[in-house]
**Student:** 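Quick one: the structure is below, and I'll ask about it shortly.
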Amino acid sequence: MSPWIKQVCLVLAAVFMLSSTTESKKDEALYCSACMAIAEEMNYSVSQTDPKKTIHVGGFRLKPDGSLMDKKVPLARSETYLNELLEEVCNSMSDYALYEDPDTKEKSYKRFAPRGNDGVNFPDFKNFKFDGPESSSALKFACESIVEELEDDIISLFSSEADHVAKTLCSEVSGHCKSSVFQHSEL
């Protein structure tokens, strides 16, 4: 075999081995915060929906007696409504900024913008890091990635009215908040 073929084979083998051993490492603070923000925003949107509103779900199949097989479910927990909310949830990521806990120096993204009808006080802005649109676009990208990857799981958790949706979604289902740093936060 000629020497240049050996060199090409060696280079190709090195590139193949390098590409198979390197994986992009996700920023855990970013993805954990995005996951928690999704759960928080979805919970808030669901809580703002009128609990009296219902939607008919089911097929157009007939029972043996000739009546339709359908049932009413609360609108806020219907898959259709949750899909609509999920399509818009990442648009609210611009209301979040990087927050550094003054005691632990732990970094996470938190909501800094109060909602219109919240009677809560403004957060202490001195611990927020406003890095311009780049940081909120990174959070929005992480949010969109999580929604795309876990859309069915998110809808399933919210439609079943599961307890501790944020903890279940972010620690158990997605695994984005697995490290001990995030286990004690307000999941």
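What you see below is based on every heavy atom in this structure, not just the backbone, and it leaves out hydrogens, waters and symmetry mates. Here, residue 1 is the first one in the sequence, and each next residue gets the next number.
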**Student:** My understanding is that only residues two or more places apart in sequence, or in another chain, count here; which of them pass ring-ring contact (aromatic ring centres under 6.0 Å, His included) with Tyr99?
**Tutor:** Phe128

**Student:** I'd like to check Val46 versus Leu85 (side-chain heavy atoms, cut-off strictly below 4.5 Å). Are they in contact?
**Tutor:** yes

**Student:** Any idea which heavy atoms bring Ser159 and Leu82 closest together, and the distance?
**Tutor:** N-CD1, 3.5 Å

**Student:** Hey, could you give me the OG/CD distance between Ser45 and Glu40, rounded to the nearest 0.5 Å?
**Tutor:** 10.5 Å

**Student:** Between Cys35 and Ile146, which heavy-atom pair has the shortest distance, and what is it?
**Tutor:** N-CD1, 3.7 Å

**Student:** Under 4.5 Å between any side-chain heavy atoms of Leu86 and Val89, yes or no?
**Tutor:** yes

**Student:** Evaluate the side-chain proximity of Ile55 to Val73: yes if any heavy-atom separation is below 4.5 Å, no if none is.
**Tutor:** yes

**Student:** Considering residues at least two apart in sequence or located in another chain, which fulfil the salt bridge (Lys or Arg N to Asp or Glu O under 4.0 Å) criterion with Lys129?
**Tutor:** Glu100

**Student:** Pairs in or reaching into residues 78-88: which pass side chain to side chain donor-acceptor pair (under 3.5 Å), with residues at least two apart or in two chains?
**Tutor:** Thr49-Tyr81, Glu88-Asn91

**Student:** How close do Met93 and Cys143 get, heavy atom to heavy atom, and via which atoms?
**Tutor:** CG-CB, 3.9 Å

**Student:** Report the distance from atom NE2 of His176 to atom CE of Met36, rounding to the nearest 0.5 Å.
**Tutor:** 12.0 Å

**Student:** Looking only at heavy atoms, what is the nearest atom pair of Leu30 and Tyr109, with distance?
**Tutor:** CD1-CE1, 3.5 Å

**Student:** For a quick test of reading the model, state the closest non-hydrogen atom pair linking Val147 to Cys90 and the distance between them.
**Tutor:** CG2-SG, 4.0 Å

**Student:** Roughly how far, to the nearest 0.5 Å, is CD1 of Ile38 from CG of Leu169?
**Tutor:** 7.0 Å

**Student:** Before giving the answer on disulfide (SG to SG under 2.5 Å), spell out for Cys170 and Cys32 the whole-Å C-alpha distance, their side-chain angles and the decisive distance to 0.1 Å.
**Tutor:** CA-CA 7 Å; Cys170 301; Cys32 180; 6.0 Å; no

**Student:** Using the test salt bridge (Lys or Arg N to Asp or Glu O under 4.0 Å), find all partners of Asp95 that sit at least two apart in sequence or belong to another chain.
**Tutor:** Arg111

**Student:** Report the distance from atom CD of Glu172 to atom CG of Leu157, rounding to the nearest 0.5 Å.
**Tutor:** 9.0 Å

**Student:** Name all residues meeting the salt bridge (Lys or Arg N to Asp or Glu O under 4.0 Å) criterion together with Glu144; count only those two or more places apart in sequence or in a different chain, and write none if there are none.
**Tutor:** none

**Student:** Would one find more than 12 heavy atoms of other residues, nucleotides or ligands at under 6.0 Å from atom CZ of Phe130?
**Tutor:** yes

**Student:** Residues two or more places apart in sequence or in another chain: which of them pass side-chain contact (heavy atoms from CB on, under 4.5 Å) with Ser156?
**Tutor:** none

